[in-house]
Amino acid sequence: MAGRDYYEVLGVKRDATKDQIKGAYRKLALEFHPDRNKSPEAESRFKEISEAYAVLSDDEKRRQYDSFGREGVYQRYSQEDIFRGVDFGEFFRGMGFGGFNDIFSQFFGGVPGQRSGRGEDLTYHLQLGLEDILQEASREIEVPRDEICPTCSGSGAKPGTTPQRCSVCRGTGQVQRVQSAGFTRLVRVMACDRCGGRGQIVESPCSDCRGRGSVERKRKIRIVVPAGAEDGLTLRLRGEGNAGENGAPPGDLYVALNIAPHRLFARRDSDVYLETNVGAVDAMLGSELRVPTLYGDVKLNIPHGTQPGTVFRIKGKGLPRYGKWGQGDEFVRVGVEIPKNLSHAQKELLKKFGDSG
Ligand SMILES: [Zn+2]
Ligand SMILES: [Zn+2]
């Protein structure tokens with residue numbers, strides 16, 4: 001996910017206007033458009049500047065990038081979504097270039113089809129409390145995963161040596177077995193025993209990964225926890241799972257959010273519920289109560305004559321609505337405490353009070 005800063009890529013300031021961003025992209029695109037620039041690095045440069053432009057020219061995506069960086073953008077938008085909404089075709093026709101779709105499909109269709117050996121998907125459980133989801137927040141998690149061995153670049157072979165083509169399967173990874181059953185001959189295709197289906201033999205294995213081509217690393221990964229996330233919500237981070245074999249793509253990382261129950265508040269969607277008590281006299285005469293909310297204590301006015309079990313609503317003190325605008329409420333259910341162990345004098349007063357009605 002590492003990559004240069006988008007503003008740096010386009011050579012503009014962080015507070016650049018849309019026109020400045022467009023102008024910068026136009027200039028760079030003229031230089032690196034694959035129709036014009038045939039140098040090997042042109043395509044990746046062109047992709048880099050196009051991605052930077054696609055994000056910075058869209059208010060919503062730019063905001064996401066400014067707050068959470070590239071990780072935040074990748075987490076919220078798929079690669080297709082990043083480029084969606086930008087009319088590159090019009091852009092390039094204006095510059096005298098042909099269809100952008102060809103380049104575009106090269107970007108996304110150029111990946112050789114899902115080969116076997118794609119890295120495994122991983123799941124990471126992240127424990128959070130209600131306080132952690134009051135606003136969208138960036139968090140760092142440490143994920144143990146298999147990464148391409150840096151010593152042998154994933155080949156599994158000791159530096160200076162290369163894996164040899166397997167002589168048994170001639171590099172295909174498959175062998176045919178002929179089985180005879182009576183008069184029937186059965187031809188079965190099986191994975192090659194010698195090379196384990198890889199088609200290659202590593203004669204002198206890399207000592208850092210013992211020939212596996214991958215090593216386990218604890219990788220710090222930034223994720224964006226959405227405001228008001230539901231318990232069990234799972235975020236998918238493309239390509240952040242285990243490394244693939246022999247250059248196959250990596251798996252994905254799934255981050256499951258476990259929102260722990262709160263010691264005071266029960267949660268229902270974006271609303272929270274609190275149980276509290278007032279004294280009998282306060283309930284009868286009215287009073288002001290300090291009640292906790294997720295955002296600090298507030299004063300709650302208890303009117304005189306409040307009945308046990310009355311529910312008061314404190315607007316906007318619930319959780320942000322997940323994926324929507326607005327905010328839930330806090331509901332406070334007020335019980336009334338009937339005093340025990342009254343003194344003689346108190347009992348007399350209450351008797352008088354009872355007779356007075
Ligand atoms: Zn290695
Ligand atoms: Zn083989």
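Both counts, for ligands and for their atoms, begin at 1 and track the order of listing.
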Report task. For atom CZ of Arg263, decide whether the heavy atoms of other residues, nucleotides or ligands shown that lie under 6.0 angstrom number more than 12. Result -> no
Requested in this report: Please check if the side chain of Gln164 supplies one atom and the backbone of Val202 the other of a donor-acceptor pair under 3.5 Å.
Outcome: no
Requested in this report: With sequence neighbours left out, write down each residue that passes salt bridge (Lys or Arg N to Asp or Glu O under 4.0 Å) with Asp58, or none if nothing qualifies.
Outcome: none
Requested in this report: Output, by chain and residue number, all protein N/O/S atoms separated from the Zn ion (ligand 2) by less than 2.8 Å.
Outcome: Cys166 SG, Cys169 SG, Cys192 SG, Cys195 SG
**Report entry** Smallest separation among heavy atoms of Cys149 and Asp208, with atom names
**Finding:** SG-CB, 4.2 Å
Query raised in the report: Which of parallel (below 30°), tilted (30 to 60°) and perpendicular (above 60°) describes Tyr65 and Tyr6?
Result: tilted
Requested in this report: Flag the pair Tyr25 / Tyr53 as yes when their ring centroid distance falls below 6.0 Å, and as no otherwise.
Outcome: yes
Report summary line: Which of Arg219, Arg145, Gln75 passes side chain to side chain donor-acceptor pair (under 3.5 Å) with Glu240? Answer is Arg145
Query raised in the report: Is Glu288 reaching over with its side chain to a backbone N or O of Asn301, donor-acceptor style, under 3.5 angstrom?
Result: no
Report summary line: Protein N/O/S atoms closer than 2.8 Å to the Zn ion (ligand 1), ordered by chain and number, come to Cys149 SG, Cys152 SG, Cys206 SG, Cys209 SG
Query raised in the report: Among all residues two or more places apart in sequence or in another chain, which pass the side chain to side chain contact (heavy atoms under 4.5 Å, CB included) test with Arg139?
Result: Leu126, Leu128, Asp132, Ile223, Val225
